[in-house]
Amino acid sequence: TGYWMTLSLFGEVVNVPYHIGVMQALGILMALIFFYVYFSTYQRLQKHLMIDNYGPASRILGEMRRLFGINLFLGVIVILVASSGRYWIN
């Protein structure tokens, strides 16, 4: 995996270049947001849709849309960091 490769190339996490650490942190944050959406928000949405309660369901969809937008923004930042990271001064 990526962690195995990182540890085999750099020895310790402390030796990893800054841009790789930033990408790693943003990736973990993106995964946490996804888990929150799936295990919390999506489950609430399903419960409201089962009982035809569309008012709260639409608010939950708005919350999900906002969180997906945040994840999309973080993904663009990860791409920018990945493509420009080798030019950073360590």
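One-based numbering along the sequence shown.
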Which heavy atom of [X] sits nearest a heavy atom of [Y], and at what distance?
X: Ala57; Y: Leu49; answer: CB-CD2, 3.8 Å
X: Asn71; Y: Phe34; answer: ND2-N, 4.1 Å
X: Val81; Y: His19; answer: CG1-O, 3.5 Å

Can you measure from [atom1] ([X]) to [atom2] ([Y]) and round to the nearest 0.5 angstrom?
X: Phe35; Y: Met30; atom1: CZ; atom2: CE; value: 12.0 Å
X: Ile33; Y: Leu72; atom1: CD1; atom2: CG; value: 11.5 Å
X: Leu67; Y: Arg65; atom1: CG; atom2: CZ; value: 11.5 Å
X: Ile60; Y: Tyr54; atom1: CD1; atom2: OH; value: 13.5 Å
X: Met50; Y: Lys47; atom1: CE; atom2: NZ; value: 10.5 Å
X: Ser84; Y: Ile79; atom1: OG; atom2: CD1; value: 11.5 Å

Any chain of hydrophobic side-chain contacts (each under 4.5 Å) joining Ile51 to Leu61?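 No, it is not one cluster - the side chains of Ile51 and Leu61 are not joined through contacts under 4.5 Å.
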So, do Met23 and Ile20 sit near enough that their side-chain heavy atoms are less than 4.5 Å apart?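 Side-chain contact under 4.5 Å: yes.
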Ser83 side chain to Leu80 main-chain N or O, any donor-acceptor pair under 3.5 Å?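 Yes: the side chain of Ser83 pairs with the backbone of Leu80.
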Between His48 and Arg59, is a side chain to side chain contact (heavy atoms under 4.5 Å, CB included) present by the stated rule, with each step listed? CA-CA 11 Å; His48 285 292; Arg59 285 189 290 279; over 6 Å; no
Check whether more than 12 heavy atoms from other residues, nucleotides or ligands sit under 6.0 Å from atom OH of Tyr36, and answer yes or no.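 Result for OH/Tyr36: enclosed.
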